[in-house]
Amino acid sequence: MNTPTPRPRILIARAVFPEVIQRLAQRFEVDSNQADEVLDAAQLVARLQGQQGLLSTAGDVIDEALLAQCPSLRICANMAVGFGNLDIAAMSARGIVATHTPGVLTDTTADFGFALLMAAARRTGEAERCVREGRWTKWSYDFMAGQEVHGSTLGILGMGRIGQGVARRGAHGFGMRVIYHSRTRLDAASEASIPAHFVGLNALLQQSDHLVLTVAHSAATHHLIDAAALARMKPTATLVNIARGGVVDERALIEALRNGVIAAAGLDVFENEPAVHPALLSLPNVVLTPHMASASRATRLRMAHLAADNLIAFFETGRALTPVPAPALSAPA
Ligand code: DGY
């Protein structure tokens with residue numbers, strides 16, 4: 001009599017939709033962190049012993065130190081389009097497959113980028129706090145007067161799917177002139193369909209009324225928006241970050257917001273999430289949200305299913321569906 005092949009063992013690092021766990025449990029031995037404790041490195045290593053697959057999220061750091069202690073791991077399916085939490089070089093050196101969730105969150109994330117742009121430029125957060133705190137006492141000609149959005153110049157840094165989504169919203173919905181800078185220039189037809197104009201980084205900084213960051217975080221883009229870059233921007237400009245916190249030098253941004261180097265910012269991502277620099281909390285001209293750009297129920301469900309699909313495809317066919325592209329470290333989201 002043949003002994004049945006043991007089913008692959010996987011860890012789901014954070015809580016996910018029960019229906020996704022059910023799908024995975026039909027094929028794998030599943031250890032699922034449905035209690036949703038945030039596992040530190042040592043806890044993650046302990047839970048990964050004997051596991052061949054991992055369903056991770058953007059907060060789970062998978063680096064060489066962890067991989068060295070988890071010899072059974074063969075695939076990490078990240079439930080995020082970004083993969084700055086994965087050391088791709090260390091994973092490929094060990095033959096471990098990395099996957100992410102491109103495509104399924106593009107429009108939801110672009111919607112939110114635009115919401116942050118509007119909120120920062122039109123001072124929505126500040127205004128809402130003012131009303132709630134009973135400080136709205138009279139009409140004044142310049143009360144809560146912010147920056148114009150329609151007809152202004154929208155800059156995009158990192159013209160991947162999400163950047164293009166934000167660009168289309170600006171151009172088609174708000175009549176904005178779109179300029180962008182990216183590692184890879186779009187083809188002429190894609191540029192024309194938005195329309196968007198490729199410019200150098202300096203021109204992008206100098207000409208944008210609203211600059212939206214959608215570039216992947218890497219060694220090359222770490223603190224790309226530093227004090228010198230902020231100083232090139234217009235004093236009326238807004239900066240929106242829906243990429244990763246590390247793309248912006250947070251201390252430099254705080255000084256720029258404090259000193260009127262730029263007018264306002266909208267931040268969904270931070271350098272030390274979930275901790276937010278205390279100085280940001282007390283600045284009126286920044287809108288702060290908790291890394292939620294992809295957070296509609298439908299999109300998060302699609303992301304979880306795609307991460308699960310990757311695990312299933314990898315163990316059933318040997319090929320993952322959406323592996324992290326090579327060269328991974330500079331690919332835009
Ligand atoms: C992503 O998918 O990269 C979003 O930022 C959520 O982590």
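Only heavy atoms go into these numbers, but all of them, side chains included; no hydrogens, no water, no symmetry mates. Just so you know, ligand 1 is whichever comes first in the structure, and atom 1 is the first atom listed for that ligand.
- By the 4.0 Å heavy-atom criterion, M79 is excluded from the residues contacting ligand 1.
- Side-chain contact annotation: S296 with T299, donor-acceptor N/O pair under 3.5 Å present.
- A salt bridge links R169 with D111: the closest approach of a Lys/Arg side-chain nitrogen to an acidic carboxylate oxygen falls below 4.0 angstrom.
- Residue contacts with ligand 1 for A80 involve both N, CA, C or O and side-chain atoms from C-beta outward (heavy atoms, distance under 4.0 Å).
- A salt bridge links R258 with E255; the closest basic N to acidic carboxylate O contact falls under 4.0 Å.
- Every atom of ligand 1 with a heavy atom of L105 under 4.0 Å away is listed here by number and element: 2 (O).
- When each of H223, R251, H277, R244 is paired with E271, the side chain to side chain donor-acceptor pair (under 3.5 Å) condition holds for H223 and for no other.
- Annotation: V81 places an N or O atom under 3.5 Å from an N or O atom of ligand 1; distance criterion only.
- For atom 4 (C) of ligand 1, the closest non-hydrogen atom on the protein side is H291 NE2, 3.6 Å.
- Taking any N or O of G82, backbone or side chain, at least one lies under 3.5 Å from an N or O belonging to ligand 1.
- Closest heavy-atom contact between I156 and G163: CG2-CA, 3.7 Å.
- Close approach to A58 involves these atoms of ligand 1, each under 4.0 Å from a residue heavy atom: 7 (O).
- Looking at I242 against ligand 1, nothing comes within 4.0 Å, counting heavy atoms.
- Residue R244 places at least one N or O, backbone or side chain, under 3.5 Å from an N or O of ligand 1.
- Ring geometry, H217 versus H222: the interplanar angle falls from 30° to 60°, so the pair is classed tilted.
- Of all heavy-atom pairs between L154 and G170, the closest is CD2-CA, 3.9 Å.
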